[in-house]
Asks: 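Next up is a structure, given as structure tokens.
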Amino acid sequence: MRGRLPLLTVFFALALAATGGALAGGLDDIQALTGDMDRLRQASGQMPLAEEREIGRGMAERLMGASPPVHDARVQRYVNRVGLWVAEGSQRPHLAWTFGVLDTPAVNAFAAPGGYVFITRGLFLLLNDEGELAVVLGHEIAHVTARHHLQALAQDARVGITADLVGNAIHGHLDHGQLEQMWRAGARLYAIGLKRRDEFDADRIGVALAARAGYDPWTFMDTLTTLEAVHPDAPAMALQSKTHPSPEERRARLLGQLDQDFGKGEPGARPETRFDEMRDRLSARGR
Amino acid sequence: MKAWRAMLLGAALVTVTAAGAEAPGIVVQDAALRAQPSTGAETVARLDRGDAVALGQRAGGWIAVRTRVGAQRAGWMRVWHVRRQHAADTEEGNPLLAGLKRFSRAVTGLFERGGGEPDTGNGQTVATFGVRGLDGGDIASAAPNAEGLERLAAARASPTDAKSYAHAEHLQRRAATVPGAGVSGAENWSGW
């Protein structure tokens, strides 16, 4: 880890350049700030995989702390097989993709940098078939491949990656305490949510990844119809509603792409048999 | 000629699905039942939210629909205007889906906000899911659970696993352009 930290330092040096300029009231040089932001975005794309994975691991462990994975190896193996099959069609097929079903009735799905993707038992139980599962996993895979969380950590002041922390990173190496701060900020990100644009992008990429894997991308319309039927303020739905655009908006944004790319031709698969078995196993746990 | 062929095809699909591949469904949004899978096609009937229907074959974003009550009519609807129902959608198995099964303007009182007060807002009645969720505070304040993540790492699939699973389900890789994701390096690319 030690040998890789300087590269992480470069990432945060750029973050400081971007956020520091804004904090210091750097209105005099917006152009330079914009340039810094561009370099920052590039830096998030160039962060070494080991660092990305380390940040993601800590975020994922905190998610597990809030809601442990379902104790059912058969279900977890199933979601890992489906997930990997979908992820192998992505731009980052060789990440150490790790999928899981979290044991909570909340309706949600999460991702963490480096290849972690989770769906809750509550959301799984609302799906009709494996095609819907593939798109949900594809959506989360897209957040990882597009590094949405890393960008938000570096750019979104609300998660609390302060200029101080970034400054420390510049003047030395990120020590364990500072990495700990990163993880906590990452966990806060789950409460705040990503940018709306990132969510729409993830929808568009998610349906395409599911289609590449042989599934029917139109299944996602069924998922959105279901989400729409749940009251956005219902306790199990509240976090999902707060951190995502409405199902109606998501459908409206996707329609053009679906009609254009998948309006004709082979519809793709919606396997049910094994999916139903897993759904039954998860349903039994909730009683 | 083309239109006739399309109509015949449409009729054939409905007939075929009527023969066995239909699934019970419910209309979730007031919408037109059309003669063909096209927004320009003639309206056969107007269906209301809560109407029971039989769902047949899909064609892109369209699905063959047959009414189950009143005059029997068949046609096409957009896929998000209807929802499929499962035998497993019971009160015990899945309270939310059981709620959807009863989805009807006649029982709006059944669908309430999480807090319990009836939703009298814009008439868009939606189902309640009354269990406690996982909120952002839970995650932000959670202690790390390394053991949980290790359990998932043990369940990871190898590419061979994933492939043999997919083949058993007859999943075939196919070409599809993956859209770009703005600035983040997922620019347009196409593999396979």
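Convention: sequence-line order gives letters A, B, ...; per-chain numbering from 1. Computed over heavy atoms, backbone and side chain alike; hydrogens, waters and symmetry mates excluded. Keep in mind that this is a model prediction, so the values were computed, not measured.
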Asks: Using a cut-off of under 4.5 Å for heavy-atom pairs, which of A:Y215, A:Y78, A:F262 has the most such pairs with chain B?
Replies: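 That would be A:Y215.
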
Asks: Taking atom CD of B:E147 as the centre, does the number of heavy atoms from other residues, nucleotides or ligands within less than 6.0 Å exceed 12?
Replies: yes

Asks: To the closest 0.5 Å, what do you measure between OH (A:Y190) and CG (B:D135)?
Replies: 15.5 Å

Asks: Do you know the tightest heavy-atom contact between A:P271 and B:E169?
Replies: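 Residues A:P271 and B:E169, closest heavy atoms: CB-OE1, 3.4 Å.
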
Asks: Is the side chain of B:R174 donor-acceptor paired with the backbone N or O of A:A211 at a distance under 3.5 Å, no angle test?
Replies: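 Yes, B:R174 side chain to A:A211 backbone: donor-acceptor pair under 3.5 Å.
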
Asks: Give, for atom CH2 of B:W80 and atom CD of A:E228, the distance between the pair rounded to the nearest 0.5 Å.
Replies: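 Spacing of CH2 (B:W80) from CD (A:E228) equals 11.0 Å.
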
Asks: Say whether, by atom type as modelled, one donor and one acceptor occur between the side chain of A:R212 and the main chain of B:A175 under 3.5 angstrom.
Replies: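 No, because the side chain of A:R212 does not come within donor-acceptor range (under 3.5 Å) of the backbone of B:A175.
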
Asks: Who wins among B:G148, B:P144, B:A154 for the most heavy-atom pairs under 4.5 Å with chain A?
Replies: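 The answer is B:P144.
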
Asks: Under the side chain to side chain contact (heavy atoms under 4.5 Å, CB included) criterion, do A:M64 and B:L152 qualify, and how do the steps go?
Replies: CA-CA 10 Å; A:M64 304 292 104; B:L152 291 183; 3.9 Å; yes

Asks: Just checking B:R68: does its CZ atom have more than 12 heavy atoms from other residues, nucleotides or ligands closer to it than 6.0 angstrom?
Replies: yes

Asks: Starting at CD of A:E130, measure out to CG of B:L171 and round the result to the nearest 0.5 Å.
Replies: 6.5 Å

Asks: Can you tell me which portion of A:V70 sits under 4.5 Å from chain B's heavy atoms? Options are side chain, backbone, both or neither.
Replies: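 Contact with chain B involves the backbone of A:V70 alone.
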
Asks: State plainly whether the residues A:D259 and B:R78 are in salt-bridge range, i.e. N to O under 4.0 Å.
Replies: yes

Asks: Between B:R173 and A:E88, is there a salt bridge with N-O shorter than 4.0 Å?
Replies: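 The answer is yes: the pair qualifies as a salt bridge.
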
Asks: For B:R156 and A:L84: C-alpha separation, side-chain torsions, deciding distance, then whether side chain to side chain contact (heavy atoms under 4.5 Å, CB included) applies.
Replies: CA-CA 9 Å; B:R156 283 183 53 203; A:L84 183 61; over 6 Å; no

Asks: Rounded to the nearest 0.5 Å, what separation is found between the CD atom of A:Q260 and the OG1 atom of B:T177?
Replies: 9.0 Å

Asks: With a 4.5 Å cut-off on heavy-atom pairs, point out which of B:G137, B:A146, B:S141 contacts chain A the most.
Replies: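 Option with the greatest count: B:A146.
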
Asks: When you check the gap from the basic side-chain N to the acidic O, do A:D72 and B:R151 get nearer than 4.0 Å?
Replies: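 No.
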
Asks: For the atom pair CG (B:L149) and CG (A:L63), what is the distance rounded to the nearest 0.5 Å?
Replies: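 Reported to 0.5 Å precision, the distance equals 9.5 Å.
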
Asks: Is it the backbone or the side chain of B:A168 that comes under 4.5 Å from a heavy atom of chain A, or both, or neither?
Replies: both

